[in-house]
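Notes follow the structure.
Remember, predicted model here, so these are calculated numbers, not experimental data. All values below were derived from every heavy atom in this structure, side-chain atoms included, with hydrogens, water molecules and symmetry-related copies excluded.
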Amino acid sequence: MNAEIKTAEHVSDDVLRQAMNRAFSDYAVLMELSNREFDLMMRQRGLSYKASRIAIVGGEIAAIWLMSVRGNHAYLISSGTRPEFRRQGLARQLAEDCLVGLRNERITNFQTEVLTGNQKAFDLYSALGMKITRRLECYELPPLPGSPEHDVQQTFWAEIETEAQALAEVLPSWQNSSDAIAAVANEVKCWAASDARGLAGYVVAIPETRTIAQIGVRKDRRREGIAQSLIAACHPGDKLRLLNVDGRSDDFHAFLQATGAEPTVSQFELSMHITDAIER
């Protein structure tokens, strides 16, 4: 199909939002983002209009490839093709044009996530040269019974960021990273438990999306109920979501199972070196 591939530099957020909603209109889980939801999602993930690509057919956006760039790393936030334009190679055209643009900007790494059951998308990413780096799990967490056992205090991300990073044992996914939290700092709420050694545990929640972006407890203070107290502090009374939890976090997965967390979907995190892709 003859499509004009362009950057998203001169496209409004509302037009991009509508294109994204139309691309996902027939998915099993309907996506219908409002202006506010789209804005929050793109700020958290770091939308780069210059790195992003759109495919124009007949004067309309037929497909999107929305990108983020932080340092020398790039991330595919969302890609999709409107149902009537699928199976015509648009996703591949967007991907290849985007990768050339990233190479020209000296971006060295590219990553994304894909649902483990989305074989068609996985095959495209594999054809580009992407490899599985880890498996990420998603959960819904019900309200926890009982009262918190530990005193936790509300705080700001800037106050705990440095100590919080020291508590992490695995790298957060792109949308849960420290950079992502800082990008929406006014939208998040943080609680911390402290002792004589400093930060004993913390949680970062995004109330509007009912998600926990990060939670951690210092090794020497685990199995004391601190995580439960932190979750209780930020729980709105309905289910909370934990998105893209590293599948290698055995202790954390055991904790989630003990609290009655329900697994929802699994994703593969994929990555590649840009130079490897261009030389294929």
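Arg241 places no side-chain N or O within 3.5 Å of a backbone atom of Ile212 that could act as its donor or acceptor partner. In this structure, the side chain of Ser271 does not engage the main chain of Gln111 through any donor-acceptor pair within 3.5 Å. Of the possible donor and acceptor atoms, none in the side chain of Glu4 sits under 3.5 Å from a partner among the backbone N and O of Ile56. Side-chain N or O atoms of Ser68 include one that pairs as donor or acceptor with a backbone N or O of Gly46 at under 3.5 Å. In this structure a side-chain-to-backbone donor-acceptor pair under 3.5 Å is present from Arg53 to Ala51. At least one donor-acceptor pair closer than 3.5 Å links the side chain of Ser229 to the backbone N or O of Gly225. Listed for the Asn244 side chain is no donor-acceptor partner under 3.5 Å among the backbone atoms of Ser173. For the pair Asn35 (side chain) and Phe38 (backbone), a donor-acceptor distance under 3.5 Å is absent. Checking side-chain atoms of Ser266 against main-chain N and O of Glu137 turns up no donor-acceptor pair under 3.5 Å. Without hydrogens or angle criteria, Ser48 side chain to Met67 main chain gives no donor-acceptor distance under 3.5 Å.
The line from CG of Asn109 to NE2 of His73 is 3.5 Å long, rounded to the nearest 0.5 Å. How far CZ of Arg218 is from OG of Ser194: 9.0 Å, rounded to the nearest 0.5 Å. For the atom pair CD (Gln88) and CG (Asn2), the distance works out to 10.5 Å, reported to the nearest 0.5 Å. The CD1 atom of Ile215 sits 12.0 Å away from atom CG of Asn176, with the distance rounded to the nearest 0.5 Å. A distance of 3.5 Å separates CD in Glu262 from NZ in Lys239, rounded to the nearest 0.5 Å. Atoms OG and CD, on Ser177 and Gln44 in that order, are 8.5 Å from each other to the nearest 0.5 Å.
Between Glu208 and Arg36 there is a salt bridge, since a side-chain N of the basic residue sits under 4.0 Å from a carboxylate O of the acidic one. A salt bridge between Asp195 and Arg197 is absent, with no side-chain N of the basic residue lying under 4.0 Å from a carboxylate O of the acidic one.
Put simply, the side chain of Thr81 does not reach to within 4.5 Å of the side chain of Arg87, judged on heavy atoms. The shortest distance between side-chain heavy atoms of Thr112 and Met130 falls below 4.5 Å. Side-chain contact between Ile54 and Leu16: present, with at least one pair of heavy atoms (C-beta onward) separated by less than 4.5 Å. For the pair Pro207 and Lys189, the minimum side-chain heavy-atom distance is below 4.5 Å. Counting heavy atoms from C-beta outward, Thr133 and Leu270 have side chains that stay 4.5 Å or more apart. Residues Glu113 and Gln175 have side chains in contact (heavy-atom distance under 4.5 Å, counting atoms from C-beta outward). Proximity of Leu66 to Leu47: side-chain heavy atoms (C-beta onward) are separated by under 4.5 Å at one or more points. Between Phe110 and Cys98, the closest side-chain pair of non-hydrogen atoms is not below 4.5 Å.
Residue Leu243 is found outside any hydrophobic cluster, as its side-chain heavy atoms come under 4.5 Å of no other Ile, Leu, Val, Met, Phe, Trp or Tyr. Taking Ile, Leu, Val, Met, Phe, Trp and Tyr as members and joining any whose side-chain heavy atoms lie under 4.5 Å apart, directly or through other members, the hydrophobic cluster of Val204 also contains Leu40, Trp157, Ile160, Leu167, Ile181, Val184, Val188, Leu199, Tyr202, Ile206.
Residues satisfying the side chain to side chain donor-acceptor pair (under 3.5 Å) test with Thr155, not counting sequence neighbours, are none. Shown here are the side chain to side chain donor-acceptor pair (under 3.5 Å) partners of Arg43, two or more places apart in sequence or in another chain: Asp39, Glu187. Under the ring-ring contact (aromatic ring centres under 6.0 Å, His included) criterion, Phe85 pairs with no residue, sequence neighbours left out. Applying the side chain to side chain donor-acceptor pair (under 3.5 Å) criterion to Asn118, with sequence neighbours excluded, gives no partner residue. Residues satisfying the salt bridge (charged side-chain N to carboxylate O under 4.0 Å, His left out) criterion with Lys50, sequence neighbours excluded, are Glu105. Partners of Arg106 under the salt bridge (charged side-chain N to carboxylate O under 4.0 Å, His left out) rule, at least two apart in sequence or in another chain, do not exist in this structure. Checked against salt bridge (charged side-chain N to carboxylate O under 4.0 Å, His left out), Lys219 has the following partners two or more places apart in sequence or in another chain: Glu169. For His253, the side chain to side chain donor-acceptor pair (under 3.5 Å) test picks out Tyr139, with sequence neighbours left out.
Shortest non-hydrogen contact noted between Leu128 and Ala95 is CD1-CB, 3.6 Å. Residues Ala19 and Ile61 come closest through the heavy atom pair CB-CG2, 3.8 Å. The heavy-atom pair separating Ala23 from Gly80 by the smallest distance is CB-C, 3.6 Å. Residues Ser78 and Met20 share a closest heavy-atom pair of OG-CE, 3.4 Å. The minimum heavy-atom distance between Ala55 and Ala3, with the atom names listed, is CB-CB, 4.4 Å. Listed here is the closest heavy atom pair of Glu163 and Gly198: OE2-CA, 3.7 Å.
Transitive grouping of hydrophobic side chains (ILVMFWY, heavy atoms separated by less than 4.5 Å) keeps Leu136 and Phe122 in distinct clusters. Taking hydrophobic clusters as Ile, Leu, Val, Met, Phe, Trp and Tyr residues chained together by side-chain heavy-atom distances below 4.5 Å, Val265 does not share a cluster with Val245. Ile132 and Leu115 are members of different hydrophobic clusters when ILVMFWY side chains are connected at heavy-atom separations under 4.5 Å. Hydrophobic clustering (ILVMFWY, side-chain heavy atoms < 4.5 Å, transitive): Val170 and Phe252 are in distinct clusters. A continuous path of ILVMFWY side-chain contacts below 4.5 Å connects Ile77 to Val15, so both sit in one hydrophobic cluster.
Looking only at atom types and distance, the side chain of Asp123 has no donor-acceptor partner in the side chain of Ser126 under 3.5 Å away. Remark: the Asp97 side chain and the Gln93 side chain contain no N/O donor-acceptor pair separated by less than 3.5 Å.
Residue Gln18 qualifies as enclosed at atom CD: its count of foreign heavy atoms under 6.0 Å is above 12.
The ring pair (Phe, Tyr, Trp, His ring centres under 6.0 Å) pairs that include a residue from residues 168-193 are Tyr75-Trp174, where partners are two or more places apart or lie in different chains. Listed by first and then second residue, the salt bridge (charged side-chain N to carboxylate O under 4.0 Å, His left out) pairs involving residues 63-82 are Glu60-Arg82, Arg82-Glu84 (not counting sequence neighbours).
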Evaluation steps, side chain to side chain donor-acceptor pair (under 3.5 Å), between Ser178 and Gln165: CA-CA 8 Å; Ser178 295; Gln165 290 182 13; 3.0 Å; yes
Pair Arg134-Glu269, salt bridge (charged side-chain N to carboxylate O under 4.0 Å, His left out): steps then yes or no: CA-CA 5 Å; Arg134 56 180 173 171; Glu269 182 182 75; 2.8 Å; yes
Going through the checks in order, is the salt bridge (charged side-chain N to carboxylate O under 4.0 Å, His left out) test met by Arg17 and Glu37? CA-CA 9 Å; Arg17 177 186 67 85; Glu37 290 167 336; over 6 Å; no
